[in-house]
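The structure appears right after this line, and notes come after that.
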Amino acid sequence: MCGRFGQARKITELKQLYAAEGNIEWPGSYNIAPTELAPVIIETTSQERELKLARFGMPMTIKGKSFLLLNVQSEKAATREDFKFRRCVIPADGFYEWEKVSPKDRQPYYFSPKQGIFSFAGLWMQGRTGLCFTILTVSANELVQPIHGRMPVILGHNAVYQWLAPNSTVETLKLLVEPFPASLMQSWKVSKAVNSPSNKDIICINSL
DNA sequence: CCAGACGTTGTT
DNA sequence: GTCTGG
DNA sequence: CCAGACGTTGTT
DNA sequence: GTCTGG
């Protein structure tokens, strides 16, 4: 799954990369945790993209129990209402996965693109305290598989615009959901500094 | 995702 | 895995 | 007890 | 153990 990621670029750069508008304050973070704000890109009906801040995780209550929906399995996403009407892209420098070394010991790894930036496919909603989002997941590719069985849905450059376009059909959207090629990614072990959500520093991504 | 806190009865 | 229904 | 469902993940 | 917060 994807429960922690980093995004340390400035808003001006993100606006350029995604041809998006929007004036938001973003200090950058190498360790974005659930409930925390992150920049997301949404396409408005006017076919213009806008950067907004949204919280990681959709508050859900099901059968009396509430929890944060951090991820949605892409295999099950197409029937959701938000899949049809509230898609977003989450820019990320990289994401973290934890390897179960033993029942009590988990080793974090950092996964990042060899070039450029990751664009996670996401869904958003209006929560009580503002916008919030969830990240779609897919089966892990060969690079991630040894560490964890799932990974975020990562969109290529062209796929980003199709994903965001309000008039894309469900059939078109389904084609965009595929494991990102392992050959375009890299990974390394990182220290457990990332474990603590209060550490936002670059040391989170330093190779161990 | 991980870290950290944890509250009622009523005494091994 | 957990939860529900039979 | 098992079968089946379940808007997160999760399995030695 | 479970629950909450980041």
Quiz item: Can we say A:Lys200 and A:Glu36 salt-bridge, meaning some charged N sits less than 4.0 Å from an Asp/Glu carboxylate O?
Solution: yes
Quiz item: So, A:Glu48 and A:Lys15, do they make that salt bridge, N to O below 4.0 Å?
Solution: no
Side chain of [X], heavy atoms from C-beta onward: which of [options] has the nearest atom to it?
X        : options              : result
A:Lys76  : D:dT8, E:dG6, B:dC2  : D:dT8
A:Arg4   : D:dG7, E:dG6, D:dT9  : E:dG6
A:Lys100 : D:dT12, B:dC2, D:dT9 : D:dT12
A:Phe67  : E:dG6, B:dC2, D:dT8  : D:dT8

Practice problem: Assign the ring pair A:Trp98 / A:Tyr96 to parallel, tilted or perpendicular, where the plane angle (0 to 90°) is split at 30° and 60°. | Solution: tilted
Quiz prompt | Point-to-point distance, once rounded to the nearest 0.5 Å, from CZ of A:Phe5 to SG of A:Cys204 | solution = 13.5 Å
[atom1]-based separation of [M] from [N] [nearest Å]:
N     : M      : atom1 : answer
C:dT2 : D:dT11 : P     : 12 Å
E:dG5 : C:dG1  : P     : 28 Å
D:dC1 : B:dT12 : C1'   : 37 Å
D:dA5 : B:dC6  : P     : 41 Å

Rounded distance in Å - [atom1] ([X]) to [atom2] ([N]):
X        : N     : atom1 : atom2 : answer
A:Leu136 : D:dG7 : CG    : C1'   : 12 Å
A:Glu75  : D:dC6 : CD    : P     : 17 Å
A:Met60  : E:dC3 : CE    : P     : 18 Å
A:Leu70  : B:dC2 : CG    : P     : 11 Å
A:Leu69  : D:dT9 : CG    : P     : 8 Å

Quiz item: Less than 5.5 Å between centroids and less than 30° between ring planes, does A:Tyr96 satisfy that with B:dC1?
Solution: no
